[in-house]
Amino acid sequence: MAKLVKTIQNAAHKHDLWHKGSKIIVCVSGGPDSVCLLDVLAFLAPKYDFSLRIAHVNYGLRGKDSEEDEAFVRDLAKKYNLPLNVLRANKPKMTSEEQMRDFRYAFFEKMRKKYDFDLTAVAHNNDDQVETVLMRIIRGSGMRGLLAMQAKRGTVIRPLLQISRQIILAYLKEKNLNYRIDKSNKEVKYLRNKVRNRLIPYLETNFNPSIRETISRLAENVAVDYALLEKCGNYANLCNKNVDGKVSLSVESLTSIHVSRQRSLLRECLFQVKGSGKGISAANIEEILKIAKSVKNKPQKAELAGLKVERKGDIITIVKKD
């Protein structure tokens with residue numbers, strides 16, 4: 001127990017996760033990771049003078065199990081004497097991990113702003129990090145994608161990101177803490193579950209028994225290298241965004257910098273229009289670079305990642321699709 005808490009405190013200091021008096025929305029599903037996160041933050045609250053509030057999302061996708069998850073989290077809120085907000089999905093059933101993720105993060109951010117809190121704590125652990133890196137490799141990600149999840153991104157913090165699932169389960173056992181098991185995690189309907197339940201065990205058995213540590217170290221090393229590249233030159237100012245949300249940039253300016261920076265700049269431009277990096281692939285970036293390097297004298301257009309890209313003369317414009 002003491003080792004896990006100390007590791008989290010060291011990560012908090014290294015990544016500036018919180019400060020004394022921080023007000024934190026704690027996202028609790030009822031699973032082992034979020035129960036561990038809640039217990040640790042409640043334990044540290046007196047030392048750091050935290051204000052904590054629990055947020056839970058009930059998607060209603062698993063019938064009775066979803067209702068029991070919510071009831072379990074309500075009991076946790078009473079146990080820790082913390083306020084709780086529950087969002088019950090009243091929309092048609094969501095069919096993808098991305099839809100569910102967007103749904104819950106929008107709720108968490110709404111709660112954070114409503115109660116004037118500083119941070120939102122989510123319970124991703126080191127095993128989640130490894131799965132994310134592998135998923136992005138499978139999808140053909142570039143260096144930025146291999147950064148995977150960060151311990152702190154904006155107002156979202158991940159205090160358990162350096163902690164393995166095995167250590168979390170040992171902590172819960174030592175403290176005799178109950179948690180809920182999502183049976184759907186054993187299914188292979190979603191890519192993450194395939195990576196978790198099939199690919200990683202296969203790699204451990206047939207290639208490298210320490211593959212989790214190896215991939216985790218890869219993500220850390222890429223993060224350090226990428227930070228250096230960012231310091232070497234930031235060209236985001238070349239993305240000219242107008243009041244309508246349209247971004248334009250000069251082909252000459254784009255092609256005058258190193259190809260690595262070209263890709264980074266284009267990803268930044270797409271991000272500025274789209275509002276997130278979701279759905280933006282390496283193939284999208286290469287398609288725009290192809291347009292930029294074309295010697296054709298006629299306007300060129302492309303639709304990708306929910307965006308419209310058009311080149312006229314020296315100017316490339318990017319706008320959301322209607």
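Here NZ of K79 is found 8.5 Å from CG of L38. Values are rounded to the nearest 0.5 Å. In this structure, I315 CD1 and L249 CG are separated by 7.5 Å, a value rounded to the nearest 0.5 Å. Distance CD1/I168 to CG/D39: 12.0 Å, rounded to 0.5 Å. For the atom pair L169 CG and I163 CD1, the distance stands at 12.5 Å (nearest 0.5 Å). Taking CE of M149 as the start and CG of L161 as the end, the distance is 5.5 Å to the nearest 0.5 Å. We find the CD-CD1 distance between E109 and I25 to be 9.5 Å, quoted to the nearest 0.5 Å.
A donor-acceptor pair is defined here as one N or O able to donate and one able to accept, closer than 3.5 Å; such a pair exists between the side chain of Q262 and the backbone of I257. In this structure, the side chain of K301 does not engage the main chain of V309 through any donor-acceptor pair within 3.5 Å. Remark: side-chain polar atoms of K175 are not paired, donor with acceptor, to backbone N or O of A170 under 3.5 angstrom. Judged by distance alone, with hydrogens and angles left aside, the side-chain atoms of S22 form no donor-acceptor pair with the main-chain N or O of I24 at under 3.5 Å. No side-chain donor-acceptor contact under 3.5 Å links N208 to the backbone of E204. Side-chain N or O atoms of T205 include none that pairs as donor or acceptor with a backbone N or O of Y202 at under 3.5 Å.
Between L160 and C36, the closest heavy-atom pair is CD2-SG, 4.3 Å. Across all non-hydrogen atoms, the minimal contact from G31 to Y179 is C-CB, 4.0 Å. Taking all atoms of both residues into account, the shortest heavy-atom contact from T317 to K246 is CB-CD, 4.1 Å. Between R263 and L289, the closest heavy-atom pair is CG-CD1, 4.0 Å. Taking all atoms of both residues into account, the shortest heavy-atom contact from R311 to A292 is NH1-O, 2.9 Å. Contact between D49 and K20 at its shortest, heavy atoms only, is CB-CG, 4.3 Å.
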Give every donor-acceptor pair under 3.5 Å between a side-chain atom in residues 6-16 and any protein atom, sequence neighbours left out.
residue	atom	partner	partner atom	Å
T7	OG1	K3	O	2.9
Q9	NE2	Y48	OH	3.2
N10	ND2	K6	O	3.4
D16	OD1	H19	NE2	2.9

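Heavy atoms of other residues, nucleotides or ligands lying less than 6.0 angstrom from CD of E213 number more than 12. For K298, the NZ atom sits in a loose shell: 12 or fewer heavy atoms of surrounding residues, nucleotides or ligands are nearer than 6.0 Å. By the 6.0 Å contact criterion, CG on N81 is open, its count of non-hydrogen atoms from other residues, nucleotides or ligands being 12 or less.
By the 4.5 Å heavy-atom criterion applied to side chains, R136 and R139 are not counted as neighbours. M111 places none of its side-chain heavy atoms less than 4.5 Å from the side chain of R53. Here the side chains of K152 and L119 are in contact, with some heavy-atom distance below 4.5 Å. Under the 4.5 Å side-chain criterion, counting only non-hydrogen atoms from C-beta, V73 is not in contact with V86. Side-chain atoms of T255 and V251, non-hydrogen and from C-beta on, do get closer than 4.5 Å to each other. I200 has its side chain within reach of V195: a pair of non-hydrogen atoms, C-beta onward, lies under 4.5 Å apart. Between R192 and M135, some side-chain heavy-atom pair lies under the 4.5 Å cut-off. In this structure, the side chains of K23 and D116 come closer than 4.5 Å at one or more pairs of heavy atoms.
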ask   = Does the salt bridge (charged side-chain N to carboxylate O under 4.0 Å, His left out) test come out yes or no for D128 and R158, once each step is laid out?
value = CA-CA 11 Å; D128 296 321; R158 297 180 172 88; over 6 Å; no

task = Go through the steps to decide whether I285 and L270 satisfy the test side chain to side chain contact (heavy atoms under 4.5 Å, CB included), and finish with yes or no.
result = CA-CA 9 Å; I285 302 300; L270 294 177; 3.7 Å; yes

key: Derivation of the side chain to side chain contact (heavy atoms under 4.5 Å, CB included) call for L76 and L82   = CA-CA 8 Å; L76 283 177; L82 292 173; over 6 Å; no

key: CA sep, side-chain torsions, deciding dist, call: N178, L172, side chain to side chain contact (heavy atoms under 4.5 Å, CB included)   = CA-CA 7 Å; N178 294 323; L172 296 173; over 6 Å; no

key: Worked verdict on R180 versus D69 for salt bridge (charged side-chain N to carboxylate O under 4.0 Å, His left out)   = CA-CA 7 Å; R180 297 281 297 168; D69 287 349; 2.6 Å; yes

key: Trace of the side chain to side chain contact (heavy atoms under 4.5 Å, CB included) decision for L199 with K194   = CA-CA 7 Å; L199 179 57; K194 289 181 182 178; over 6 Å; no

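In this model, no donor atom of one side chain and acceptor atom of the other lie less than 3.5 Å apart for S164 and D127. Side chains of E70 and N58: a donor on one and an acceptor on the other come within 3.5 Å. R88 and Y59 share no side-chain donor-acceptor pair at under 3.5 Å.
Note on D118 versus R112: no salt bridge recorded, every NZ/NE/NH1/NH2 to OD/OE distance being 4.0 Å or above. No salt bridge links K290 with E286; every basic N to acidic carboxylate O contact stays at or beyond 4.0 Å. At a threshold of 4.0 Å, the pair E131-R212 does not count as salt-bridged, since none of the basic side-chain nitrogens sits closer than that to a carboxylate oxygen.
Stacking of R101 on the aromatic ring of Y105 is recorded, both the 6.0 Å distance cut-off and the 45° axial limit being met.
For residues 114-166, no pair satisfies ring-ring contact (aromatic ring centres under 6.0 Å, His included), with sequence neighbours left out.
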